[in-house]
Amino acid sequence: MKSLYITLFLACGLHAYAQENRKASEAQTQEAVHYKESKALETRMMEEARKRAAEKPSASRLASEEGLPVKKQQSTPVTQDRKEKLLSSRTLTIQEIRKTIPKD
């Protein structure tokens, strides 16, 4: 009777072990198939991108590449009076700074 139970448990254990190995091997084969498909898709997409890049010239170019004349910017002359106003409004003396500090 003991040998029957031992044989039965041994058979069930081998069956369970075989099922686990079968699932793992199926998963590995599926991963291999998906990997091959993804690599094939990647190579096809790269080839299409190269073809499109070769067919389509760049839409934006620099003005110097197209041969267009470069326009010079006109600088507006700043008067001396305006410079003095800007400079004087930005620099304060110590006495003027002390006047702005409130006293308690």
Side-chain angles (χ1 to χ4, degrees):
M1 193 68 173
K2 288 182 182 179
S3 63
L4 180 64
Y5 285 121
I6 291 171
T7 308
L8 184 62
F9 285 126
L10 183 62
C12 288
L14 289 174
H15 181 67
Y17 182 73
Q19 291 295 326
E20 288 178 7
N21 283 343
R22 188 178 78 183
K23 289 179 184 176
S25 65
E26 286 177 2
Q28 288 177 350
T29 56
Q30 283 182 342
E31 286 179 10
V33 169
H34 289 305
Y35 181 76
K36 288 178 184 177
E37 289 176 357
S38 66
K39 283 296 182 182
L41 178 67
E42 182 181 358
T43 56
R44 195 168 8 127
M45 295 296 283
M46 291 296 286
E47 289 174 8
E48 289 177 7
R50 284 188 196 126
K51 286 179 184 177
R52 272 191 253 125
E55 291 172 0
K56 184 180 177 183
S58 62
S60 60
R61 292 179 140 181
L62 296 174
S64 60
E65 291 176 355
E66 293 181 4
L68 298 175
V70 179
K71 295 180 181 177
K72 294 184 180 180
Q73 294 181 351
Q74 296 177 353
S75 61
T76 56
V78 179
T79 61
Q80 186 66 21
D81 189 32
R82 184 173 178 212
K83 282 184 183 178
E84 289 175 0
K85 285 181 183 177
L86 289 174
L87 193 61
S88 65
S89 66
R90 291 188 183 170
T91 56
L92 299 173
T93 61
I94 303 257
Q95 289 80 19
E96 292 172 339
I97 293 173
R98 285 183 183 164
K99 290 179 185 176
T100 59
I101 299 172
K103 295 179 183 177
D104 291 328

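Values below: all heavy atoms of this structure, side chains included; hydrogens, waters and symmetry mates excluded.
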Chemist: More than 12 non-hydrogen atoms from neighbouring residues, nucleotides or ligands closer than 6.0 Å to CD1 on Ile94, yes or no?
Modeler: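 12 or below, so no.
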Chemist: Can you tell me how far CG of Leu14 sits from CG of Leu10, rounded to the nearest 0.5 angstrom?
Modeler: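 Spacing of CG (Leu10) from CG (Leu14) equals 4.5 Å.
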Chemist: Could you go through Glu42 and Lys39, starting from their C-alpha distance and side-chain angles, then the distance that decides it, and tell me whether this counts as salt bridge (Lys or Arg N to Asp or Glu O under 4.0 Å)?
Modeler: CA-CA 5 Å; Glu42 182 181 358; Lys39 283 296 182 182; 3.6 Å; yes
Chemist: Regarding Glu48 and Lys51, does a basic nitrogen lie under 4.0 Å from an acidic carboxylate oxygen?
Modeler: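 No, this pair does not count.
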Chemist: What I'd like to find out is whether the side chain of Lys36 reaches to under 4.5 Å of the side chain of Val33, using heavy atoms alone.
Modeler: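 Counting from C-beta outward, Lys36 and Val33 never come under 4.5 Å.
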Chemist: Taking ILVMFWY side chains as joined if any heavy atoms are under 4.5 angstrom apart, and letting links pass through other members, which residues group with Ile6?
Modeler: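 Same cluster as Ile6: nobody, lone residue.
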